[in-house]
Amino acid sequence: MRRWAPVEERSYMFGIDDPWVFSGYVLSIACTVIAVIYGWWKWNEEVD
Amino acid sequence: MVDPLLFWLATLVYGVVLVYLAYLGYKKTKSCSDYLLAGRNIHPLILGFSYGATFISTSAIVGFGGVAARLGMGIIWLTMLNISVGVLVAFIVYGKPTRRIGQRLGALTFPDLLGKVYKSNFMQYGTGLMILVGMPLYSSAVLIGGSRFLETTLSVPYAWAAIGLTLVTAAYVVTGGLRAVMYTDALQGAIMIFGMSLIMILTFVALGGVTSSFEALTDMSSLVPEGLASAGMTGWTSFPELGSNIWYVMVTTIIMGVGIGVLAQPQLAVRFMTVKDGRALNRAVPLGALFILITTGVTYTMGPLTNLYFYREIGEISINHPDVAGNVDKIVPLFINTVMPEWLVVIFALVLLAAAMSTMSSLFHVMGSAAGHDLWVHMRRSKIWPEGLRGSDEDASKLRVNKIGTGVMILISLGLAFIMPGSIIARATAMFMGLCAAAFLPAYTMAVFSKRPSLIGAKASLVVGTVSWGLWTLFVHVAESEPLGLAKLLTGETAVLGFPYTVIDSLFIALPLSVAALLIGTWIERRREPVPAEA
C-alpha cells in the first residue's frame with residue numbers, strides 16, 4: 001500500500017517529500033502574493 | 001486549563017473594546033439599510049477583517065486542525081482553495097457584480113438580491129426559508145464549539161457558557177445590526193491574526209525549526225495507525241493514496257466541499273453589498289487573503305506537527321494521546337495548553353472566543369434578516385395575521401421587525417445547542433457549506449452574470465439542488481446517513497449504494513444536478529419566449 005521510498009532515497013523540499021503537499025503550500029502562498037499585488041495594483045482604480 | 005485570573009483580565013479588556021465598537025455600530029444604525037447592510041459604506045480594511053473572521057470559526061481552527069492532525073498536511077489544499085476561490089474569485093469575480101446589482105436594485109439581503117434579480121417572491125421566500133432551516137444547524141454548531149471550549153478551559157458549566165456567549169453576541173447583533181457585527185469582527189479578526197502568527201512561530205521554535213520538524217514528521221510515516229494506512233493514509237506530510245477512502249473524504253468533503261461551498265454562503269455574499277464601490281472590494285482583497293493564509297495555514301500546519309511533539313514527549317501520536325481519547329477536537333487545544341507559555345494560551349483562548357463570536361454574530365444577523373426582511377415584511381400583508389401584528393411599511397417598523405426576527409433566530413440557535421450532539425461541529429460546517437453551494441450557487445451565478453436570468457432555471461436549480469443534496473445526505477453519504485438513521489430505518493442498510501459513492505460528498509452529486517436543472521430550465525424558458533417579429 002505504501003508508495004514511499006526508503007528515507008535515504010527521498011528528495012525533500014523543506015522536509016516535505018510529497019510534491020502534492022509541497023505544491024499546496026506553494027500555491028497558497030502564490031495566491032496570497034497575487035491577491036496582495038492585485039490589491040496594490042488596483043488600489044486607486046475607479047470601478048463601476 | 002488557563003489561569004482564570006489572567007483569562008478574565010484579558011477578557012475584560014477584550015470586552016470593553018468590544019462594547020465600545022458595538023456602541024459605535026449602534027449609534028450609526030438609524031435605518032433598515034444601516035441595520036442590514038451597514039449603510040453600504042464600510043471601510044475596505046473592516047470588510048477584509050470581517051470577511052475573514054466570519055469565514056473562519058472555531059470549527060476551522062479546532063475541528064479542521066484536529067482533522068489535519070489525524071489525516072495530515074494534504075488539507076493545505078483547502079487553504080489554497082479558500083484563498084483562490086474564497087477570496088480572489090469571490091471578491092474579484094462575484095463581489096463586484098453582486099455589489100453593483102444589489103445597489104441598483106436596492107437589495108438588502110442575499111434572498112432579497114435573488115428575489116429582485118429574478119423578480120420572484122418564490123426565489124426570495126425559498127432562499128430565506130433555506131437559510132432559516134439550514135443555518136441554525138451551523139450557528140448552533142459554532143455556539144456548541146465556543147461553549148465547549150469555555151467549559152473545558154474555565155470549568156464553566158456548558159449551559160451557562162452557551163447562554164452567556166449567546167447573550168453577549170445577541171446584545172450587539174440585535175441592537176447594532178451589521179455595522180456592529182462588522183466593527184466587532186475587525187477586532188476579533190485582528191486578535192485571530194496576531195494569536196495564530198505567534199502560535200506558528202513558537203510551534204517551530206519548540207520543534208527545532210521548519211525544515212527539521214517537517215523532515216522528522218515525514219520520517220514518522222511508519223507510525224500511521226494501521227486502520228488509517230489501510231484506508232489510504234501514507235503519512236502526515238504526504239497526500240493520501242489516490243482513490244482511497246481517505247482520499248475521497250479529504251478531496252470531496254474537506255477540500256472541495258468547503259472550498260467551493262464558500263462562494264454561495266449568504267453571510268459572506270451579503271458583505272459585498274456593504275461597501276460603496278468596487279474599489280473598496282479591490283482594497284479588501286490583500287487583507288482577506290493574508291487573513292486566510294495565516295489562520296488556516298497555521299492551523300493545517302500545526303495540526304500534523306502535534307504528532308511530532310507528542311511522539312517526542314510521550315511516545316504516542318496525537319490521536320493516541322491519553323487526554324485526547326480519540327476525539328480529534330481535543331488535539332489543538334491540548335497542544336496549545338502543553339507547549340505554549342501561559343500568556344499565549346490566554347491569547348489562544350481569546351482567538352477561539354473571537355472566532356466563535358464573529359461567525360455566530362454574522363449567522364445570527366443573516367438568519368434574523370431572512371426572518372424579518374425576507375419573510376415577515378412580505379408575508380405580514382396576508383389577512384391571516386391580526387391587524388395589530390402586521391406593522392407598517394415605515395422604515396422604523398421594518399427595522400423593529402428585523403430586530404425581533406434576529407432575536408427569535410438567536411433563541412432557536414440557543415435551543416438547538418442543547419439538543420444537538422457535541423460531535424456535530426465540523427460535520428455541520430461541511431454540510432451547511434455543501435447545501436449552500438448545491439442550492440444557491442448556480443442561481444446566484446446566473447443572477448450576477450446573465451443579462452437575461454431565467455426564473456424557471458433558477459427555481460429548478462434551487463429545488464433540484466436542495467432535494468438531491470438532501471437525498472444523497474440521507475441515503476448515500478455514509479458519514480451522515482449512518483448517524484441520521486433514515487436509510488437504515490427504511491432499507492435496513494446504512495447507505496443504499498456502495499463504495500466509492502458512500503464517501504463522495506453530497507455536493508459532488510447535487511451541484512452538477514443543480515447546474516443541469518438551471519440549464520434545462522433556462523432552455524425551456526427561452527423556447528417559450530415569443531420570437532421577435534422581423535422588421
Side-chain angles (χ1 to χ4, degrees), chain A, chain B residues 44 48 72-84 87-88 91-92 96 99-100 103 209-219 221-222 224 229-230 232 234-239 241 244 255 277-290 292-294 296-297 300-301:
Chain A
M1 195 71 181
R2 301 290 169 79
R3 55 184 168 154
W4 301 111
V7 172
E8 61 274 13
E9 293 176 20
R10 294 180 203 153
S11 58
Y12 290 98
M13 291 161 287
F14 292 100
I16 299 170
D17 68 344
D18 185 345
W20 278 105
V21 171
F22 186 73
S23 58
Y25 276 100
V26 170
L27 287 173
S28 298
I29 293 167
C31 287
T32 307
V33 171
I34 290 169
V36 171
I37 292 171
Y38 179 86
W40 173 74
W41 181 43
K42 299 276 186 179
W43 193 262
N44 286 315
E45 186 179 287
E46 294 290 338
V47 183
D48 305 335
Chain B
M73 287 176 178
I75 198 174
I76 195 66
W77 277 83
L78 178 55
T79 297
M80 196 283 287
L81 271 188
N82 283 161
I83 299 169
S84 59
V87 177
L88 287 173
F91 274 73
I92 298 170
K96 290 174 188 172
R99 190 209 65 77
R100 193 173 58 244
Q103 190 165 43
V210 178
T211 303
S212 62
S213 55
F214 283 160
E215 271 177 4
L217 188 63
T218 301
D219 293 341
S221 60
S222 60
V224 171
S230 60
T234 56
W236 286 279
T237 60
S238 53
F239 221 72
E241 201 76 40
S244 65
I255 296 175
D277 54 26
R279 187 165 57 180
L281 288 174
N282 285 340
R283 291 179 174 183
V285 166
L287 182 58
L290 279 169
I292 302 295
L293 179 73
I294 291 171
T296 65
Y300 304 155
T301 303

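Letters go in sequence order (proteins before strands), and every chain restarts at 1.
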Sequence neighbours left out, what passes side-chain contact (heavy atoms from CB on, under 4.5 Å) with A:Leu27? Give chain and number order. B:Trp77, B:Met80
Which residue out of A:Val36, A:Thr32, A:Val33 racks up the most heavy-atom pairs below 4.5 Å with chain B? A:Thr32
Top contributor to chain B interface from A:Ser23, A:Ser28, A:Ala30 [non-hydrogen pairs under 4.5 Å]: A:Ser28
Taking the side chain as C-beta and beyond, is there a heavy-atom pair between A:Tyr38 and B:Asn282 under 4.5 Å? yes
Student check: side-chain heavy atoms of B:Thr237 and A:Asp18 closer than 4.5 Å: no
How long is the span from the [atom1] atom in [X] to the [atom2] atom in [Y], to the nearest 0.5 Å?
X        : Y        : atom1 : atom2 : result
A:Tyr25  : B:Leu293 : OH    : CG    : 10.0 Å
B:Leu281 : A:Lys42  : CG    : NZ    : 13.0 Å
A:Glu45  : B:Arg279 : CD    : CZ    : 10.0 Å

Can you tell which of B:Leu217, B:Leu78, B:Leu290 has the highest number of heavy-atom pairs within less than 4.5 Å of chain A? B:Leu290
Chain A contact via [X] - which portion, at a heavy-atom distance below 4.5 Å:
X        : result
B:Leu88  : side chain
B:Thr296 : neither
B:Val87  : neither

Correct closest heavy-atom pair for B:Arg283 and A:Trp43 would be NE-O, 2.7 Å
Closest non-hydrogen atoms of A:Cys31 and B:Ser84, given as atom of the first, atom of the second and distance, are SG-CB, 3.7 Å
